[in-house]
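Quick notes on the structure that follows.
Everything numeric in this text was worked out from a predicted model, so none of it was measured. These values consider heavy atoms only, across backbone and side chains, with no hydrogens, waters or symmetry-generated copies. In this chain, numbering begins with 1 at the start of the sequence shown. As the structure lists them, so they are numbered: ligands from 1, and atoms in each ligand from 1.
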Amino acid sequence: MAELFDLPAIIGGSGLQAMPGLDITERVDIDTAWGKPSSLITVGQLGGQKVLFLARHSDEHGIPPHKVNYRANIAALAELGASCIFAFNAVGGINDGLGAGSLVVPQQIVDYTWGREHTYSDSSDVALNYVDFTEPYDAELRTALIDAAVQSGCDIARQGVYGATQGPRLESAAEITRMERDGCDIVGMTGMPEAGLAREKNLPYACLALVVNPAAGKSGRLISFEEITQVMAERMPLVNTVLAEACNSALVTQKHT
Ligand code: HPA
């Protein structure tokens, strides 16, 4: 497995169960101390770069956000020697400037999730690891994503605060108002504990978020799943391009080799 070492990894979320353009060379079945990851880890060539790919909700989009084994997912990528992680997340837009279809590279997180297995430091057998989380996302990976979007000729919000909610239900309008007061720009269900676990494993991590709907109460209408599907269909090709470009960026390929 040594040849898999030091590869960038992509964690695909809703709408990204498989990576178009990924020339698959291998699928790795790995077990970790925390159980099996959501899917086999796909190894393949994306553009010029060999990458790892993991479908967060499984290949069939079967695992709901609160049931994802985030610890196994991050541990599996760490054990395979991933150099860094690009996470893709579909989100709701809270900030009025972030309409459906917007791409965002968040720089901060507020965690509203509960009851998820969120740390590797959870027994007296292992050393307690108080990780710094002041800047939850890796600055170079964020730059790689932003540069990739600019090169692809698309607008991208260069920062934003990701509010991570429990799901799987969407939020009430009052919850979104509270999140807005807290400073959140986007809302999703899978940003945490994933980012925190990556930090515990010392894996540089950044998120590319696609706004697929205005958050609850933001549009004066109920959230429409037809509209979400339509936004996904229109924007996923761009998400793929940005992720592929970012994986091929010198900021990423030279980072850990
Ligand atoms: N809320 C939470 N998660 C989401 C949303 C939302 O509005 N849209 C996509 N994922």
Item to complete: Consider only side-chain N and O atoms of Thr119 and Glu200, and report whether a donor and an acceptor are under 3.5 Å apart.
Response: yes

Practice prompt. Name all residues meeting the salt bridge (charged side-chain N to carboxylate O under 4.0 Å, His left out) criterion together with Lys218; count only those two or more places apart in sequence or in a different chain, and write none if there are none.
Written response: Asp96, Glu180

Practice prompt. Examine distances only and state if a side-chain atom of Gln159 and a backbone atom of Gln107 form a donor-acceptor pair shorter than 3.5 Å.
Written response: no

Item to complete: Give a yes or no on whether a salt bridge exists between Arg199 and Glu135, defined as a side-chain N under 4.0 angstrom from a carboxylate O.
Response: no

Worksheet item: With sequence neighbours excluded, what pairs up with Ser219 under the side chain to side chain donor-acceptor pair (under 3.5 Å) test?
Response: none

Using a 3.5 Å cut-off on N/O to N/O, what pairs does ligand 1 make with the protein? A line per pair would be great.
from, atom 1, to, atom 2, distance (Å)
ligand 1, 1 (N), Glu171, OE1, 2.7
ligand 1, 1 (N), Glu171, OE2, 3.3
ligand 1, 7 (O), Asn213, ND2, 3.0
ligand 1, 8 (N), Gly92, N, 3.3
ligand 1, 8 (N), Asn213, OD1, 2.6
ligand 1, 10 (N), Ala90, O, 3.4

Practice prompt. Could you list all the side chain to side chain donor-acceptor pair (under 3.5 Å) pairs where at least one residue sits in residues 120-129, not counting sequence neighbours?
Written response: Arg71-Asp122

